[in-house]
Every structure is written in C-alpha cells, then in structure tokens.
Amino acid sequence: MKQVRWLVWLIVISQLFTAFVGRSLNPFAAYIGESFTLTNFQIGFLPTALFVGQFLATLPMGFIADKVATHRMMLLLMSIVGSGFLLLATIDGNYFIALLFIMLAGLGYGGMHPVTNKMLVQLYPIQKIALPMGMKQMSITLGSALSSIVLIAIAENIGWQQTVAMASILLLAVGIFVYMLLKPHEETFS
C-alpha cells in the first residue's frame, strides 16, 4: 500500500505541473495581448484555443489510453503541453501562430485527464478511488493558482516569454523525471 501511495503522488505531481503551465494562459493573457498588440476580442480567443485543443483531445486520448501504457501517454502529453507553451514563448507577434501553439498545448492538456484517471483506477479498487481522484483534481486547482502567483511575479522581473519558457522546460523535466520513476512499475500501467 505504501508503494501505491507513492505512485499516486507522482500522478498528482504530474497533473499539478501540467496545470501550472497549461493554466498559465489566463494570467499571461494581458501580457501576450500587450506584447502582440491584440484587441480584447483577440485576447479572449487565447483561452478558447486551449479549450478547443482540450475538447479535441479528451475522447481520442481516452480511447488511446485504453490501448497504450498510461505512463508513456502521460510523458507524451506533458511533453505536448510543455512544447506548445515553449513554442508560444519563442514567437513575436504572430497571433495565428500563437493560437496554433496554444491549441497544441490544449491537445496535451485535454489528454491528461483521462490518462491520469485511468492510472488511478489501475492503482485503487473502485470502492477507494474517491480520495486519490480528489487529490488529483485538487492538484489541478493548486497548479492553476500557483501559476498566477508564482509565474506572474517572475514575469514582472524577466518578462512573460522567458517565464513561460522556463515553466515549459520545468514541465518537460518533471515529465521525464516522473516517467523514469514510473517505468519500473510498467506492468501496473500497461
């Protein structure tokens, strides 16, 4: 049971860092709008692009997660979120390319939910799933709040693009780290 709790914490950490980067879009919308000289209408479409990506990915990723090892899927999806935001941080002023990169990140973000849910179901009997599922959901809210608190404070000092790039690289590193820790337990998540 101790091993199961440890694995749950890896899932929670993965979801937290994914939300930390994925949900940073709202706090950064004003910075992006100013940097790209966007209208309020255009700024409003930035989170829409993320949500469209999430919408497009959730069902297909759930289907794929039923066929592929979930710990591998989690690494892939965290990499997609991190890469989408890292690419966003590298462009200058091209609104449509920004929407494309944000939608790409949304594809990864939307896939995380069915994959991490399945991972928890693989670890716990259905009668005991509510607490770990609640912890995972709580990590999304915490990651979102931390992105507003931590990343905006950093962006005030070094700029939004450098901050988003740093957070994205952190997410990619966490994804690899968690994958390496989950790899010895591959049979659990296959």
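Just so you know, these numbers come straight off a predicted model, no measurement behind them. Reckoned from all heavy atoms, side chains included, excluding hydrogens, waters and symmetry mates. In this chain, residues are counted from 1 in sequence order.
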Participant: Does any part of the side chain of L131, heavy atoms only, come nearer than 4.5 Å to the side chain of Y124, both counted from C-beta?
Facilitator: no
Participant: Taking L86 as the starting point, is it possible to reach L151 by hopping between hydrophobic residues whose side chains are less than 4.5 Å apart?
Facilitator: no
Participant: Can you list the steps and then say if L182 with L10 is a side chain to side chain contact (heavy atoms under 4.5 Å, CB included)?
Facilitator: CA-CA 8 Å; L182 290 175; L10 290 177; 3.6 Å; yes
Participant: Do you reckon M180 sits in the same ILVMFWY cluster as V12, going by side-chain contacts under 4.5 Å, direct or chained?
Facilitator: no
Participant: Restricting to non-hydrogen atoms, name the atom on G62 and the atom on P114 that form the minimum distance, rounded to 0.1 Å.
Facilitator: CA-CB, 3.7 Å
Participant: So do I140 and Y109 actually touch side chain to side chain, heavy atoms under 4.5 Å?
Facilitator: yes
Participant: Any luck finding a side-chain donor-acceptor pair between T70 and K118 under 3.5 Å?
Facilitator: no
Participant: Do the side-chain N and O atoms of S139 and Q15 include a donor-acceptor pair separated by under 3.5 angstrom?
Facilitator: no
Participant: CG/N26 to OG/S148 distance, rounded to the nearest 0.5 angstrom?
Facilitator: 8.0 Å
Participant: Hey, mind stepping through L120 and T116 against side chain to side chain contact (heavy atoms under 4.5 Å, CB included) and telling me if it holds?
Facilitator: CA-CA 6 Å; L120 290 175; T116 54; 5.8 Å; no
Participant: Is the number of heavy atoms from other residues, nucleotides or ligands under 6.0 Å of N40 CG greater than 12?
Facilitator: no
Participant: Would you call I13 and F177 a side-chain contact if the rule is heavy atoms closer than 4.5 Å?
Facilitator: no
Participant: Taking atom CE of M112 and atom CE of M73, what is their separation to the nearest 0.5 Å?
Facilitator: 10.0 Å
Participant: Does I152 reach the side chain of Y31, with side-chain heavy atoms less than 4.5 Å apart?
Facilitator: yes
Participant: May I have all residue pairs that pass ring-ring contact (aromatic ring centres under 6.0 Å, His included) and include part of residues 45-64, sequence neighbours excluded?
Facilitator: F41-F45
Participant: If hydrophobic clusters are built by linking Ile, Leu, Val, Met, Phe, Trp and Tyr wherever their side-chain heavy atoms come under 4.5 Å apart, do W9 and L123 end up in the same one?
Facilitator: yes
Participant: Would you check if L107 and L77 make a side-chain contact, meaning some heavy-atom pair closer than 4.5 Å?
Facilitator: no
Participant: Locate the shortest heavy-atom distance separating S144 from R23; write the atom from each residue and the value.
Facilitator: OG-CG, 3.1 Å
Participant: Walk me through whether K136 and H113 qualify under side chain to side chain contact (heavy atoms under 4.5 Å, CB included).
Facilitator: CA-CA 9 Å; K136 182 194 81 89; H113 303 302; 4.1 Å; yes
Participant: To the closest 0.5 Å, what do you measure between CG (L87) and CG (L100)?
Facilitator: 9.0 Å
Participant: How far apart are the closest heavy atoms of F28 and A155, and which atoms are they?
Facilitator: CE2-CB, 3.5 Å
Participant: Are L170 and V21 co-members of a hydrophobic cluster defined by side-chain heavy atoms under 4.5 Å apart?
Facilitator: yes
Participant: I'd like to know if the side chain of T58 reaches the main chain of G110, judged simply by a donor and an acceptor atom lying under 3.5 Å from each other, with no hydrogens or angles considered.
Facilitator: yes
Participant: Take atom CD of E34 as the centre, draw a 6.0 Å sphere, and report whether it contains more than 12 heavy atoms from other residues, nucleotides or ligands.
Facilitator: no
Participant: In the structure I gave you, are the side-chain heavy atoms of I102 and L25 within less than 4.5 Å of one another anywhere?
Facilitator: yes
Participant: Could you please spell out the steps behind the side chain to side chain contact (heavy atoms under 4.5 Å, CB included) verdict for K67 and I64?
Facilitator: CA-CA 5 Å; K67 309 239 179 280; I64 293 169; 5.6 Å; no
Participant: When W160 is tested against each of S35, S24, P27 for side chain to side chain contact (heavy atoms under 4.5 Å, CB included), which residue passes?
Facilitator: S35
Participant: Return the minimal non-hydrogen interatomic distance between N94 and I91, and the atom names on each side.
Facilitator: O-CD1, 3.7 Å
Participant: Just verifying a value: how many Å separate L142 CG and I149 CD1, rounded to the nearest 0.5 Å?
Facilitator: 8.5 Å
Participant: Would you give the length of the straight line joining atom CD1 of I129 to atom CG of N117, rounded to the nearest 0.5 angstrom?
Facilitator: 8.5 Å
Participant: When you measure from the side chain of T48 to the backbone N and O of G44, does any donor-acceptor pair fall under 3.5 Å?
Facilitator: yes
Participant: Is atom OH of Y179 surrounded by more than 12 heavy atoms (other residues, nucleotides or ligands) closer than 6.0 Å?
Facilitator: yes
Participant: Shared ILVMFWY cluster between V68 and L75, side chains joined below 4.5 angstrom?
Facilitator: no
Participant: Can you tell me how far CG of L16 sits from CE of M135, rounded to the nearest 0.5 angstrom?
Facilitator: 11.0 Å
Participant: If you compare all heavy atoms of V115 against all heavy atoms of A65, which two are closest, and at what distance to 0.1 Å?
Facilitator: CG2-CB, 3.8 Å
Participant: Do you know which two heavy atoms are closest between Y95 and Q42, and how far apart they sit?
Facilitator: OH-O, 2.8 Å
